[in-house]
*Asks:* 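One structure, as structure tokens, below. Some questions next.
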Number of protein chains: 2
Amino acid sequence: MASTEKASPRDRLLDAAARLSYRGGVSVGIEALCREAGVSKRSMYQLFDSKDTMLAASLERSIPWYDAQLAHPDPGNATPRERILHVFERIAQASLDADYHGCPYLAVLVELKDPEHPASRVARGVKESLGARFRRDAEQGGARDPELLARQLLLVFDGASARAGAGVERLDDGLAALTATALLDAAGMR
Amino acid sequence: MASTEKASPRDRLLDAAARLSYRGGVSVGIEALCREAGVSKRSMYQLFDSKDTMLAASLERSIPWYDAQLAHPDPGNATPRERILHVFERIAQASLDADYHGCPYLAVLVELKDPEHPASRVARGVKESLGARFRRDAEQGGARDPELLARQLLLVFDGASARAGAGVERLDDGLAALTATALLDAAGMR
DNA sequence: GAGAATGGAAACCGATCGGTGTATACCGTG
DNA sequence: CACGGTATACACCGATCGGTTTCCATTCTC
């Protein structure tokens, strides 16, 4: 039966890479990855060219899930302001998880300081797409300067997730959404 | 003559550690560190217990310099608002440097995901002290909720430096100070 | 000048790094 | 049954990891 058949080695590797690199950083060893995924090292090297490309593929694969995490449950009936604030309520909620370590894409960008690294390119794309989402909502909400507001919201988003992930800040009192609200108001967004 | 005598091995090691770990992450090898510092590995291990403690000492040592970087040149004659905004103007200015990689303390917290690591403790202390500075200025400026405002400013500070360091945002148009200004205004700070 | 303490160069330790080579077991399709 | 593709296990490669040890030259003290 299809429901019990195991995931493909490729998917198991990508999941293991996402899990372990999120918890322990991008410096996880390949052997540990393969052990976790239950896949031999030989198999992984004929599925991926290198550890770097596998890491990039792993980030790429998690994008749809990540986008869904931040998306408003009923985007059609929500106002642009609600859609934006929902993002910040979601990271506050996610930060309650015991093993929350902040935005995985920002973490990758910080850890691999090389912007040419394949995984860095993927992470940068995610950030750009979130910025585009903010900008679109800002436009629809009638913000004075949608581009500026989107960039400000990204500062707050990354600051909040990085700080919460590092354990130097708590978001459960709505700090992030509160800060975003102040910026939305200042931008004249309805 | 005192002016030409070399710095102590200890100082050379701490400087090298700060330099290399900022550029390449905390995963720099000890051999590379010692090579850069011109100190034998044996000497370093009788100056420090381990690589971890040396990294912590390195961060500790850079605190006065870092604080001075962010401090207003004339704190006595500046308003609290000016002192706060100066911090954000400074990171915008620093981000113009070709090898700017964001706040080193936040980077360490993100890279070593272990909050018990000696270097993480130092980094956390730096963040707390910056928060205290913001809170003090917020109080003096008559902010409605100084504690909240300080936390909001920290979000923007870490978000801005992390994003600029990762190369996904530019601060040279004053984005960070502009965002801080909006929050200061929203907090009713004069 | 003898002796002790210091510190540097480099070998060495076991472990792990990213990556390969080899030989073998399982698989569905002819 | 034979086949080719895919998977595995496992040894192996050179390099590097954090850390220790040995040996020797220098320096300081008496």
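Within every chain, numbering begins at 1; the chains are lettered A, B, ... in the order of the sequence lines, protein sequences first and strands thereafter. Here the structure is a predicted model, which is why all the values come from computation and not from measurement.
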*Asks:* In whole angstroms, how far is the P atom of C:dA9 from the CZ atom of B:Arg35?
*Replies:* 12 Å
*Asks:* To the nearest Å, how far apart are B:Lys41 NZ and C:dA9 P?
*Replies:* 13 Å
*Asks:* Measure CZ/A:Phe48 against P/D:dA7 and give the value in whole Å, please.
*Replies:* 11 Å
*Asks:* Nearest-Å distance, CE (A:Met44) to P (C:dG21)?
*Replies:* 15 Å
*Asks:* Is A:Asp74 salt-bridged to A:Arg83, cutoff N-O under 4.0 Å?
*Replies:* no
*Asks:* How many Å lie between CG on B:Leu13 and P on D:dG18, as a whole number?
*Replies:* 14 Å
*Asks:* Take atom CG of A:Asp11 as the centre, draw a 6.0 Å sphere, and report whether it contains more than 12 heavy atoms from other residues, nucleotides or ligands.
*Replies:* yes
*Asks:* A:Leu33 CG to C:dT16 P: how many Å, rounded?
*Replies:* 15 Å
*Asks:* Counting only distance, no hydrogens or angles, is the base of D:dT6 paired donor-acceptor with the side chain of A:Arg42 under 3.5 Å?
*Replies:* no
*Asks:* Provide, to the nearest angstrom, the distance between the CG atom belonging to A:Leu20 and the P atom belonging to C:dG18.
*Replies:* 12 Å
*Asks:* Answer yes or no: is there an ion pair linking A:Glu169 with B:Lys127, defined by an N-O contact shorter than 4.0 Å?
*Replies:* no
*Asks:* Between A:Arg61 and A:Asp15, is there a salt bridge with N-O shorter than 4.0 Å?
*Replies:* yes
*Asks:* Applying the side-chain contact (heavy atoms from CB on, under 4.5 Å) test to B:Gln152, which of B:Leu148, B:Val156, B:Leu154 qualifies?
*Replies:* B:Leu148
*Asks:* Are any of B:Gln46's side-chain N or O atoms less than 4.0 Å away from OP1 or OP2 of C:dT6?
*Replies:* no
*Asks:* Would you mind telling me which residue lines up with the more 5' stretch of DNA chain D, B:Tyr45 or A:Ser40, judged by nearest nucleotide?
*Replies:* A:Ser40
*Asks:* Base, sugar-phosphate alone, or nothing: which one does A:Ser50 contact when heavy atoms must sit under 4.0 Å apart?
*Replies:* sugar-phosphate
*Asks:* Hey, does the side chain of A:Ser43 come within less than 4.0 Å of D:dT8's phosphate (OP1/OP2), counting only N and O?
*Replies:* yes
*Asks:* Which is more 5' along DNA chain C, the nucleotide nearest A:Val26 or the one nearest B:Glu31? Just name the residue.
*Replies:* B:Glu31
*Asks:* Mind calculating the distance between NZ (A:Lys51) and C1' (D:dA15) to the nearest angstrom?
*Replies:* 15 Å
